[in-house]
Structures are given as structure tokens and as C-alpha cells.
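Okay, so here's the structure we're looking at.
Reckoned from all heavy atoms, side chains included, excluding hydrogens, waters and symmetry mates.
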Amino acid sequence: FYLPLLIHTRQIPDFVPVENVMLLGKATPPFAPYEMELWLRIAVVLTERCDWKQLSNSGQQFLRYAENSFDHPKVQSRIVDVLNAYCTGLHNAGQADLMDGFLTQCDALSAEHRDDTALARFCCSNRGHLLHLRRYLDHPEHLDQDWTVAAGYLTAYPDDLDICRSAVQA
């Protein structure tokens, strides 16, 4: 199932059925690396297609997958890479509102898994990117809210230098 999809990801016209299959259950040991790579490639292809709404929807589906399979080591080791692919696409397209919605769900996942500092670093860093994007787009109405979220990571992880840097740079 996975190898043809990985080879021909760009030729798949609609990723919803593929995502639905991956959402049927938890990641299983032999398939988790393939699933994570497929999620990553879906994010890249949707970014290339400039399909921002579908990119956002797919990112939300990935977060459901990640919540269900977070205990799998291959999911934990690649989650930040996949989340970055979704966030980078939304950020580079200037989709601040979609990025905010996606990051809000990422924040919730991070709150559930407080011991995963890589996920917390991702969330804090991308909140900073969102702050910069909102400034660039001249959309200051949510800056206080975004800064509050970034500052929350600083408070929750005061000994993590990367989170401190991300929060201060925001």
C-alpha cells in the first residue's frame, strides 16, 4: 500500500482517502516510518499545489493521527519534521489565520505531552514565526494572543534554552 503511494505522491489527485486509511488505527511498528514519510510528502505536495485550505485540513488530520499514535517511537521521532512541513507551507503562503488554527491544535498536543520538549520547541518557534508573519501582513489584532502563547512556553520550560530563545525572539 505505502510504497506505490510514496513513489507517486505527486500524481495522487485527492489525499483525503489516503489520509482516511491512515486514520483507521494506531501506527503499527512496520508501517509507521512509511506513514510518517507519506504525511510529510502530502504536506509538500499540497504546498506545491498552493491548496492552502486542503493543506490546513490535511494538517488537522495529521494531528489526529499523531494523537492516536503518539506512543509509537517512529511517530515521536518524526512528528516535528511533519508538523514543520505543514507550518512552513502555511507560513510561506502568508496564511496567518490557517497557521494560527493549526498551531492552536499543535499547542493542545504539546500540552498533552509536556515531556516532549521537541514538540514544545516547535510550537514556541512557530508561534514566533506567526507573530512575525502577522506583523509583516499588518494584522496586529492577534499579536497579544500569540505572544501570550509563546510566553506560556517560556514559563512552562524555563530551563530549555531553545524555547527561551524562541520566546524572546518572538
Answer with yes or no whether the hydrophobic clustering places [X] together with [Y]; edges join I, L, V, M, F, W, Y residues whose side-chain heavy atoms lie under 4.5 Å apart.
X      : Y     : value
Phe31  : Ile7  : no
Leu3   : Val44 : no
Leu103 : Trp52 : yes
Met22  : Val16 : no

Pairs where residues 50-74 contributes a residue and the test salt bridge (Lys or Arg N to Asp or Glu O under 4.0 Å) is met, not counting sequence neighbours: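 For residues 50-74, and leaving out neighbouring residues, the salt bridge (Lys or Arg N to Asp or Glu O under 4.0 Å) pairs sorted by first residue read Lys26-Asp71.
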Verdict with supporting geometry, Leu55 and Phe15, side-chain contact (heavy atoms from CB on, under 4.5 Å): CA-CA 10 Å; Leu55 179 66; Phe15 292 111; over 6 Å; no
Roughly how far, to the nearest 0.5 Å, is [atom2] of [Y] from [atom1] of [X]?
X      : Y      : atom1 : atom2 : answer
Glu37  : Asp81  : CD    : CG    : 9.5 Å
Asp138 : Arg135 : CG    : CZ    : 12.0 Å
Leu130 : Cys123 : CG    : SG    : 12.0 Å
Asp146 : Leu131 : CG    : CG    : 4.5 Å
Tyr86  : Leu83  : OH    : CG    : 9.0 Å
Glu19  : Leu38  : CD    : CG    : 8.5 Å

Are [X] and [Y] side-chain neighbours, meaning at least one heavy-atom pair lies under 4.5 Å?
X      : Y      : result
Met36  : Phe62  : yes
Asn126 : Met99  : yes
Phe102 : Asp107 : no
Thr47  : Asn92  : no
Phe122 : Cys106 : yes

Atom CG of Asn20 with >12 non-hydrogen neighbours under 6.0 angstrom: yes
Tyr34 atom OH, neighbour heavy-atom count above 12 within 6.0 Å: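 No, the 6.0 Å shell around OH holds no more than 12 heavy atoms from other groups.
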Cationic N near anionic O, under 4.0 Å, Arg121 to Asp116: no
Carboxylate-amine/guanidinium contact Asp100 Arg127, below 4.0 Å: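 Looking at Arg127 together with Asp100, the answer is yes, because their closest N to O distance falls below 4.0 Å.
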Exam field: side chain Ser69 to backbone Ala66, donor-acceptor pair closer than 3.5 Å: no
Expected output: side-chain Thr9 to main-chain Leu5 donor-acceptor under 3.5 Å: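 Present.
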Audit row: Thr117, Tyr157, side chain to side chain donor-acceptor pair (under 3.5 Å) steps and yes/no: CA-CA 8 Å; Thr117 56; Tyr157 301 91; over 6 Å; no
Side chain to side chain donor-acceptor pair (under 3.5 Å) involving Glu48 - partner list, sequence neighbours excluded: Arg10
Parallel, tilted or perpendicular: rings of Tyr65 and Trp39 (30°, 60°): tilted
From CA spacing to verdict: side-chain contact (heavy atoms from CB on, under 4.5 Å), Arg49, Val45: CA-CA 6 Å; Arg49 291 180 186 171; Val45 170; 3.4 Å; yes
Any side-chain donor near an acceptor of the partner, Gln95 and Ser56, under 3.5 Å: no
